[in-house]
There are 2 protein chains.
Amino acid sequence: MNIGDVADLSGLPAKTIRYYEDIGLVEPLRSSNGYRSFRQSDVHKLAFLGRARALGFTIEDCRSLLKLYADTDRASAEVKQIAEEHLDRIDCKIAELTEMRATLSHLVDACAGDHRPDCPILADLAMEQKAGSISKASG
Amino acid sequence: MNIGDVADLSGLPAKTIRYYEDIGLVEPLRSSNGYRSFRQSDVHKLAFLGRARALGFTIEDCRSLLKLYADTDRASAEVKQIAEEHLDRIDCKIAELTEMRATLSHLVDACAGDHRPDCPILADLAMEQKAGSISKASG
DNA sequence: GTTGACCTTCCAGTAACTGGAGGCCCTATC
DNA sequence: GATAGGGCCTCCAGTTACTGGAAGGTCAAC
């Protein structure tokens with residue numbers, strides 16, 4: 001199978017598939033004309049990678065997961081650990097973004113958004129605290 | 001003021017401050033010895049940048065915000081628009097992460113995490129659907 | 001005069017691709 | 001046989017926002 005077909009089947013761009021070969025995630029054969037020649041197992045691997053990446057696993061996570069997948073003597077604990085660490089990362093990111101969101105939406109709500117220059121968003125970024133108005137929500 | 005002092009005051013690493021000069025966000029003066037010489041206004045700008053970055057604004061957003069901040073004829077609507085677009089980006093990211101989180105935590109919960117090889121996480125990534133067990137929770 | 005902290009520039013690397021240039025291969029059509 | 005097109009190839013550069021490190025100049029203190 002040529003790269004175009006595999007791209008269609010796996011949903012990954014051909015560029016990405018070449019990149020995955022570059023970094024050693026897949027090792028397609030080569031036809032006599034130099035074209036990459038993908039086996040079913042390669043397509044399977046690439047689909048695996050596509051789903052792992054869609055779940056946000058890093059490339060290095062993917063590499064480990066592929067290795068574990070191939071190793072029928074694996075302990076599921078190893079897989080679970082990778083997934084749990086990733087879950088923690090996701091939770092951290094969500095927490096971070098949620099906090100940003102809170103501050104930002106607060107500021108956006110406070111901004112008139114009209115033709116006048118007065119803007120609480122800029123005021124906050126510049127920390128223009130007038131005496132007596134220092135009441136930052138202790139955050 | 002030298003870069004080290006400014007780094008302490010603004011909370012930004014010296015490396016980052018140099019980078020911000022590189023990309024034209026600040027333009028400190030130079031002393032006769034070649035050292036950067038920061039004015040109060042530079043420090044203020046850098047603190048502004050630090051807070052904007054902490055809210056997740058991109059560097060290009062920061063550039064625009066600084067320009068608006070300097071322009072006393074600005075319309076707050078312009079600032080608000082930047083902030084709202086950023087808020088949308090944040091919401092998208094949160095939604096994406098939340099979905100990942102849901103799928104992943106589902107899988108993690110289903111995984112025994114012991115010495116045995118059987119692993120629903122890998123099974124899902126590999127899409128090993130046995131006939132009759134296709135009951136993917138519809139998204 | 002030498003140590004050590006601070007400053008300088010420049011280069012490379014990070015994560016995971018993506019875009020584009022320049023060029024070969026294959027099939028079909030004239 | 002020539003040509004047009006689409007697909008494939010490699011290699012290089014760019015993306016975001018820094019960060020680390022090398023090689024070397026500056027300054028205050030001892």
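Convention: sequence-line order gives letters A, B, ...; per-chain numbering from 1.
Under 3.5 Å, the side chains of Ser37(A) and Asn2(A) contain no donor-acceptor pair of N or O atoms.
One finds the OH atom of Tyr69(B) at 11.0 Å from the NZ atom of Lys45(B) (value rounded to the nearest 0.5 Å).
The separation between Tyr20(B) atom OH and dA17(D) atom P is 8 Å, rounded to whole Å. Whole-Å rounding puts the Asp5(A) CG to dC26(C) P distance at 15 Å. At whole-Å resolution of the value, CZ in Arg30(B) and P in dT26(D) are 14 Å apart. The distance between atom NE2 of His86(A) and atom P of dA15(C), rounded to the nearest whole Å, is 15 Å. The CD1 atom of Ile17(B) sits 11 Å away from the P atom of dC18(D) (whole-angstrom rounding). Between the C1' atom of dG7(D) and the CG atom of Asp8(A) lies a distance of 12 Å, rounded to the nearest Å. Atom P of nucleotide dC7(C) and atom CE of Met1(B) are separated by 12 Å, given to the nearest angstrom. Straight-line distance from the CG atom of Leu46(B) to the P atom of dC18(D): 12 Å, rounded to whole Å.
Side-chain N/O atoms of Thr58(B) include none lying less than 4.0 angstrom from OP1 or OP2 on dT16(D). The side chain of Thr16(A) contributes no N or O atom lying less than 4.0 Å from OP1 or OP2 of dA16(C). Put simply, Asn33(A) has a side-chain N or O that comes within less than 4.0 Å of OP1 or OP2 on dC26(C). Between Arg18(B) and dT8(C) there is a side-chain polar atom (N or O) within less than 4.0 angstrom of OP1 or OP2.
Each of Asp5(A), Val6(A), Ile17(A) was scored for a side chain to side chain contact (heavy atoms under 4.5 Å, CB included) with Val43(A), with one residue passing: Val6(A).
Within 4.0 Å of Ile23(B), counting heavy atoms only, lies no atom of the nucleic acid at all.
For Thr16(A), there are no side-chain hydrogen bond (donor to acceptor under 3.5 Å, both in side chains) partners, not counting sequence neighbours.
If you check dC18(D), dT18(C), dC8(D) against the side chain of Ile59(B), the one that comes closest is dC18(D). Nearest nucleotide to the side chain of Lys15(B), out of dG20(D), dT8(C), dC18(D): dG20(D). When distances run from any side-chain atom of Arg36(B) to the nucleotides dC17(C), dC18(D), dT9(C), the shortest one goes to dT9(C).
Enclosure of atom CZ in Arg39(B) by more than 12 non-hydrogen atoms of other residues, nucleotides or ligands within 6.0 angstrom is indicated.
Comparing Tyr35(A) and Ser32(B) along DNA chain D, the residue whose closest nucleotide (by nearest heavy atom) sits nearer the 5' end is Tyr35(A).
Using a 4.0 Å cutoff on non-hydrogen atoms, no part of residues 87-98 of chain A comes near DNA chain C.
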Stepwise, does the side chain to side chain contact (heavy atoms under 4.5 Å, CB included) test hold for Leu29(A) with Asp42(A)?
CA-CA 10 Å; Leu29(A) 305 173; Asp42(A) 294 319; 5.7 Å; no
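Side-chain contact between Gln81(A) and Glu78(A) is absent, with no heavy atoms from C-beta onward closer than 4.5 Å.
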